[in-house]
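What follows is a single structure, written as C-alpha cells, with notes after it.
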Amino acid sequence: MDRNLAVLVVDDDESSREFQRDVLGGEGYQVRVAPGGAEALQMLEGGAFDLVLLDVRMPGVDGLEVLKRFREKGGQAPVIVLSALGAAEDVVKAMRLGASDYLTKPIEVADLLSSAARALGLQVPSPEQAMAAAAEGANAAVEHAAAGNEEPPEERAFIAHSGAMRRVKALVERIADTDVPVLLLGESGVGKEVISREIHNRSRRRAKPFLKINCAALPSELLESELFGHEKGAFTGATAEKPGKFELAHHGTIFLDEIGEMAIRLQAKLLQVLQDEEFFRVGGKKSVKVDARVVCATNRDLAAEIAAGNFREDLYYRLNVVTIEIPPLRERREDIPPIFEFFVRKYRRKYAMADDPLPSDVLREIMAYDFPGNVRELENLVRRLVVLRDPEGVMRDLKARRGSTAGPNVVPTQPAPPAPTLPLPGEDVSLKDVSRHAAMLAEREAILAMLTKTAWNKRKAAARLKISYKALLYKIKECGILDPRQLMSQP
C-alpha cells in the first residue's frame, strides 16, 4: 500500500465518517474528513486527493452538487458516491456526473476496501482478504462499543418468546446446514433480514461472507452490475472491473431482499446461477463459477405475481425449496416486551442516554397497539422515545393511532371524493362530467388498492400502475386520497 495515497471522506453522519476513516486508515491510506459539502469544496480546492468518498444526501450543499462543481473545475480524482437504500435516482445522476463507483449504506468493510482499490487502480483484495479485513473492522467496532461509544454492528435481535417465533427458530435450526435456498415471507418490517442472518450464522458457512442487497433499491441495470459485477468498459462509467455480490459471497450466503421486485430479465440470470452455479459479468465473455447459498425475502404474493406475468414460475420453484413465514408482530405479542427492552438498551447506549425508568403505562400502550409497520415501526418508536425523552407524547401518539383504527392493520376510512352536483328537475346534465367522475372513482379505487398492496410505497405503486411517479402524486391529490399515517395522527 502506498502510504502517500490521500483520501477525502465527505459525510454528514459522524459515525459513518469515523467508520470509513478507521477502515481506510487501517489499510494505510491518509484519510481526511469533511462533515458537509461546503467544507468538502474548500478542502478539494486547497489540497490534492487521490480518492473522494462522497455521501449523496447531505443538508446544504449535497453530494451531487459537490461532484458537479469538482468536475467542472477540472477535478480528476475518482469519486465513490455513498447512497442510502431507495436512492437509485441519486446513484444514476452521480454516475452521469462522473462518479466512478457507488456503495449502498450501510457500508460493508469488504465492499469499501474493494471499491477503493479498484478506483485507485490497486490490486483488489480477494474475498478472503476482504473478509479478514472486515473481521478486523468488526473487532475494532466491538472494542469501540465496549468503551461505551457505540453498539457493535453485528448485534441483532432474534427474539423468539412467542410460540410462533419459537417454531420459526426451530425450522431455522433444522435447515441452516442444508445449503438449500430459503424463501422468507412476511409483511414489511417483520425481521426477514434478522432471520436470514440467523440462518447464515447457524450454518457451516458462518465464517464466510454474508452479503445482502435490496432488489427494489436500484434500477435493473445497476442491480445487474451490483449482483454479477461488470468488466471494464461494459458501460459508461465502468472505468474498472468490478466483482458483484455473488462473487464476494463465494462459499458464503447472499440475501436478496424484496426478490419480487426483480425484473424478469434478471430473474433469468438468477435462475442460471441457481441451476449451474455460474454466470457472466456485465460485458464479460468468461463465465464465473460461484458457490453461494441464496436466501430470498418478499412481502409480495409470488403466486399472484406469477399469474400476472411478473415473476418466473421456474425461478419460484427453485427458490421455494424451504419457505419460512414470519408472522406479523400483532400475532406474537409475547415478543413485544423483550424486543422493546432490546431497542431501549440499544438506543440508550448509542445516544449515551441515562437509564431513567420508563412509566409502566408506556409498555401498556405499546402492547395495545397493532403495529402495522411491525418490528421496524416499534424500533422507530423506541428511538423517538429515547431521544426525545417524552413518554407522555409517545403515549398520546399511540392512543391517537389506536383510536383511528378499527382493528389489526385496518387503514382508517378514506374521505370520499366530492360527488358531482345532481341536476334539479328540468336542468341539463353533462354526461361528460358524470363520466369524468365515474372514471375518477375507478382510478381512486385502483390507486388505493395498489398503495395498500405496496405498503404505501408510492414509487412501487406508480411502477405497477404503469404511470410516472409525478403522475401518481397528482392523481392522489386529485382523488383526495390521504396517507393513512396522516389519518392516524389526527385526534
Side-chain angles (χ1 to χ4, degrees), residues 85-86 88 91-92 95 102 104 179-185 192 196 209 211-238 241-324 453-454 457 459-460 462-466:
L85 285 176
V91 172
V92 173
M95 299 299 280
Y102 61 90
T104 302
D179 267 358
V180 297
V182 180
L183 180 61
L184 304 177
L185 303 178
K192 294 186 283 289
S196 69
L211 298 179
K212 62 179 179 179
I213 186 164
N214 188 313
C215 298
L218 296 169
S220 60
E221 294 79 9
L222 293 180
L223 179 60
E224 182 177 11
S225 173
E226 189 75 7
L227 285 172
F228 304 109
H230 62 251
E231 299 293 343
K232 182 179 179 180
F235 51 84
T236 303
E241 70 172 30
K242 174 182 178 179
K245 286 286 197 291
F246 267 102
E247 280 179 81
L248 297 175
H250 189 52
H251 295 316
T253 304
I254 183 167
F255 173 51
L256 305 178
D257 197 10
E258 299 199 53
I259 187 68
E261 307 293 336
M262 182 179 285
I264 287 284
R265 182 179 63 84
L266 285 187
Q267 292 176 29
K269 198 163 183 176
L270 176 58
L271 181 63
Q272 180 194 6
V273 177
L274 293 171
Q275 289 176 336
D276 306 328
E277 296 188 338
E278 65 178 13
F279 60 90
F280 289 88
R281 287 179 178 176
V282 177
K285 297 180 180 179
K286 184 175 67 175
S287 66
V288 178
K289 298 288 289 185
V290 67
D291 169 25
R293 185 184 195 170
V294 176
V295 179
C296 299
T298 183
N299 57 12
R300 286 195 179 190
D301 181 348
L302 291 185
E305 296 299 321
I306 291 170
N310 297 326
F311 203 81
R312 293 179 63 114
E313 188 173 16
D314 48 2
L315 176 59
Y316 173 73
Y317 288 122
R318 276 281 176 178
L319 296 175
N320 195 28
V321 178
V322 173
T323 300
I324 300 178
K453 190 171 184 179
T454 59
N457 185 315
R459 291 195 182 276
K460 289 184 189 176
R464 297 183 68 181
L465 289 167
K466 295 180 172 55

K269 (side chain) donor-acceptor with F280 (main chain) under 3.5 angstrom: yes
Main-chain N/O of A216 paired to E258 side chain as donor or acceptor, under 3.5 Å: no
CG on N310 to CD on E261, rounded to 0.5 Å: 9.5 Å
Under 3.5 Å donor-acceptor, R293 side chain and G252 backbone: no
Residues M262, L227; criterion side chain to side chain contact (heavy atoms under 4.5 Å, CB included); working and verdict: CA-CA 11 Å; M262 182 179 285; L227 285 172; 3.8 Å; yes
K286 with E231: basic N within carboxylate O range, under 4.0 Å: no
Student check: side-chain heavy atoms of L319 and F311 closer than 4.5 Å: yes
Pairwise distance NZ(K242) to CG(L248) - rounded to 0.5 angstrom: 9.0 Å
L270/I259 under side chain to side chain contact (heavy atoms under 4.5 Å, CB included): CA gap, chis, key distance, verdict: CA-CA 10 Å; L270 176 58; I259 187 68; 3.7 Å; yes
Approximate separation, where rounding is to 0.5 Å, of I264 CD1 and E305 CD: 9.5 Å
Side chain to side chain contact (heavy atoms under 4.5 Å, CB included) between L271 and R318, intermediate numbers included: CA-CA 8 Å; L271 181 63; R318 276 281 176 178; 3.5 Å; yes
Verdict with supporting geometry, L302 and N320, side chain to side chain contact (heavy atoms under 4.5 Å, CB included): CA-CA 10 Å; L302 291 185; N320 195 28; over 6 Å; no
Smallest separation among heavy atoms of A292 and I254, with atom names: CB-CG2, 4.5 Å
Minimal non-hydrogen separation, D276 against K289, with atom names: O-NZ, 3.5 Å
Flag, side chain of H230 to backbone of R281, donor-acceptor distance under 3.5 Å: no
Residue pair Y102 / E226, side-chain donor-acceptor N/O under 3.5 Å: yes
From F255 atom CZ to N214 atom CG, the distance as rounded to the nearest 0.5 Å: 8.5 Å
